[in-house]
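The structure appears below as C-alpha cells.
Proteins get letters first, then strands, A, B, ... in listed order; numbering begins at 1 in each. Side chains are part of it too, since the values below use all heavy atoms of this structure and drop only hydrogens, waters and symmetry mates.
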There are 2 protein chains.
Amino acid sequence: MNNNYELYKVFYWAAKTGSLTQAAKALYLTQPSVSHAIKQLEESFGITLFYRNSKGVSLTQEGVVLYSYIEKSQILISLAEEKMAALKNLDSGELRIGGSDSLFKHYLLPYLEEFHQKYPGIKLHLNHGTTPEIISFLKEGRIDLGVVRMPIVDSQLEVRESIQLQDCFVAGARYAELKDTVLSLDSLLEHPVILFSRNSRARMAITELFQSYGYTLKPEIEVGSVDLLIEFARRGLGISYVTREFVSKELEEGSLFEIHLDVPLPPSHVGIMIMRNMPLTNAASKFIELVR
Amino acid sequence: MNNNYELYKVFYWAAKTGSLTQAAKALYLTQPSVSHAIKQLEESFGITLFYRNSKGVSLTQEGVVLYSYIEKSQILISLAEEKMAALKNLDSGELRIGGSDSLFKHYLLPYLEEFHQKYPGIKLHLNHGTTPEIISFLKEGRIDLGVVRMPIVDSQLEVRESIQLQDCFVAGARYAELKDTVLSLDSLLEHPVILFSRNSRARMAITELFQSYGYTLKPEIEVGSVDLLIEFARRGLGISYVTREFVSKELEEGSLFEIHLDVPLPPSHVGIMIMRNMPLTNAASKFIELVR
DNA sequence: TGTTGTTCATAGACGTGGTCTATAGCTCCT
DNA sequence: AGGAGCTATAGACCACGTCTATGAACAACA
C-alpha cells in the first residue's frame, strides 16, 4: 500500500457528496477520473469502499471506517491551506524584532504603528537588548530582524543602512550661557558630562573621538536609559551626549539646547540586520520595505 | 492554491527528518525530486518553508505552522492505512448476521465458533428476528447477511442454499406407545400438538400439508421458542413439530423419539441471503466461504 | 412499455508533470 | 587541498492521470 495521497482527496469528496459526479465537479475533474481514482483506492486496499447505485454512491462499512480518518485529515489540510494563505497575505503571523529601547521608541515606533494598523493580524514581538545580544538572538532564530547602530561586521549577517543619526551634546537651562557659543573639546570637559552607562556604540565612538584629540572623556554621571539621559540634562545635572533626533521635541520646545563644538562629531548609522542567505518571513520583508 | 496532496507527504518527511536526502530515502524517491516537490509547495504558498543549510533543512516560522497541521493529517492517514490493512486481513472489522435464534444455536454456532477463533479481531453481531425482519435488516444495511429458511423470493436478494433440514414430529416418554408405529395424519391429530407460535415458515409448511390432505392442524399448545418446543415434548405435554437436526441430541439419548408418519414431510432448506449486486465485506465473504 | 434522464463503468488516446540522471555549488571537516 | 556531506539546477523521458466517447444499469414518468 503506497498510495498517492491525492486519491484520499477524491475519496473524501466522493464520500462527502455521495456522488462521483458531484465530487468530480468539486475537484474540477471529470466523472470518469473520479471513478477511476476510487477504483484505484479500492484495489490498493483490496476493499470495496462504496456501494454504487443509480442515485449515486454510499459508503460501505469499511468505507465509513476509512472516512472517519480521512475526513479529519482533509479538514486539517484545508485549515493548513487557509492558514498559509493568511500568513501569505499577512492576515496572520508574527514579526519578531530585536533592538534597543531607544531605537524602538524614537525611531521604529511610527513604523511599528503603521505596520500594526495595516496588518493587525500580525503579532509584534519586540526584544530589546544590546547589539551583541541582538546579534545572537538573530543567529539563534529568535528574532526575524534586528535594528542596531552600525557598523556591524559579521559575515553571517546582512546589514542595510536605514537612517543616519547625529549624536550631539545637549544641556538644559542651567547651562544657558553655553547656548550660542562654540566650545572646544577641552572646554566642554570643564562641565560635568552624562553618558549612557552601557558600552554602547555611541559611547565608544565619542570616547574615541576625544582620545584622538588627546583628551580623556570621563563621565560625571552614567545612566542606564536614554530617557534618563535626557531627563538629567533637562534638570541641569550636566551635559548629555544623546542622539539629536531623539531629543527633537525637547530642542524645539527649548527645554534642551544643543552645544556646538569646534570639531565635527561622528555621525551614527542605524542598520537593519538580517541573517545572510536566510529567507525572510513575508511579514519581515514587508516591514523592512516599509521602513526603507 | 490547488495543491497536489502528495506534496504534503514529501513536506512531512522532509520536516520530520530534517533532510531532503533522508526524506527521499523514506519515500523511495531521489533527492532532486524531493527538492523539487518542496519548491513547488513553497511556490504555491508564496512562502518559504525551509531554511537550507549544508547539514540539511530546518523549518521556518511558517514551516512550523504548516507542519503542525500536516503532521496530524499525515498521522491520521497512516492510521487509516493501518486500519484498512487490518480490515483487509481480517484482524479487525465486524460481521453482522441476521437469523432466528434456533438457527444460530443449532446450525450456525459451530461456524461462528470457528470463525471467531480464526479471526478474533472481528466483532460478531448477531441479530435475531423473523424472516421478514431479517430481510428488512438486510435491505437497510444493518446486517451483512441473513440466514433463513427458504424459499425466499425477492429480486433484490441473492440466496444460496446452505443446508437441507428435515422437520418432524417428536414426542417424549409419555407417548412411548407411538414409538415404533407409523401414524396417519388423522391419528396424529388425536394427540395434542405443540407448534411454534410465531408464523414461521416451518409452521406454514406443515399446516398446508395437513390442509392438502383435508385435515386441519390446530395446535393444543403454542410456544415462542424452539427450546420450549423441545422441553414441552420431553415433559409429555404433547407432540412437537421440530427440526430433526435440532433435536439430534435428545433423539440419541432417547429423551425424545421421532414419530413416523405414512406421508412424507416437506424438507426445509436453509439459505444464506445477501443483497444482490452489493459488495460484501471481506469478513462476510470469508464467513460464507466457511459455511459452504 | 418505451422514453428520458440520471447514475457509474469502461476503453482508448493524449500530454502533462513527476521522476530520473548528471552535475554544480556550497559548507564543513580532516 | 581534498573529500564528504548537503541542496539546487538542468534536461530528458515516460508513466500515469486526465480527457472524450460510449456503454450499461436503473429510476421516474408518460
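Among residues two or more places apart in sequence or in another chain, the ring pair (Phe, Tyr, Trp, His ring centres under 6.0 Å) test is passed with A:F137 by none. Applying the side-chain hydrogen bond (donor to acceptor under 3.5 Å, both in side chains) criterion to A:S19, with sequence neighbours excluded, gives no partner residue. In this structure, B:Y69 has no ring pair (Phe, Tyr, Trp, His ring centres under 6.0 Å) partners at least two apart in sequence or on a different chain. Qualifying side-chain hydrogen bond (donor to acceptor under 3.5 Å, both in side chains) partners for A:Q31, counting only residues two or more places apart in sequence or in other chains: none.
Residues B:A37 and B:P32 both approach DNA chain C. Their nearest nucleotides, taken by heavy-atom distance, put B:A37 toward the 5′ side. Comparing A:L29 and A:S54, the nucleotide of DNA chain D nearest to each residue sits closer to the 5' end for A:L29.
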Item to check | Verdict with supporting geometry, A:Y107 and A:T243, side-chain contact (heavy atoms from CB on, under 4.5 Å) | outcome: CA-CA 11 Å; A:Y107 169 49; A:T243 302; over 6 Å; no
Next on the checklist: The test is salt bridge (Lys or Arg N to Asp or Glu O under 4.0 Å); show your working for B:E42 and B:R52 and say whether it passes.
Outcome noted: CA-CA 13 Å; B:E42 289 182 326; B:R52 277 81 163 168; 2.8 Å; yes
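Within the nucleic acid shown, A:S33 comes within 4.0 Å of at least one base atom, counting heavy atoms only.
A 4.0 Å heavy-atom criterion places the boundary nucleotides of DNA chain C facing chain A at C:dT7 to C:dT10, written 5' to 3'. Protein chain B touches strand DNA chain D; the 5'-most and 3'-most nucleotides with an atom under 4.0 angstrom of its non-hydrogen atoms are D:dC6 to D:dC26.
Here the CD-NZ distance, from A:E71 to A:K16, works out to 8.0 Å after rounding to the nearest 0.5 Å.
Aromatic ring centres of A:Y8 and A:F11: separated by at least 6.0 Å.
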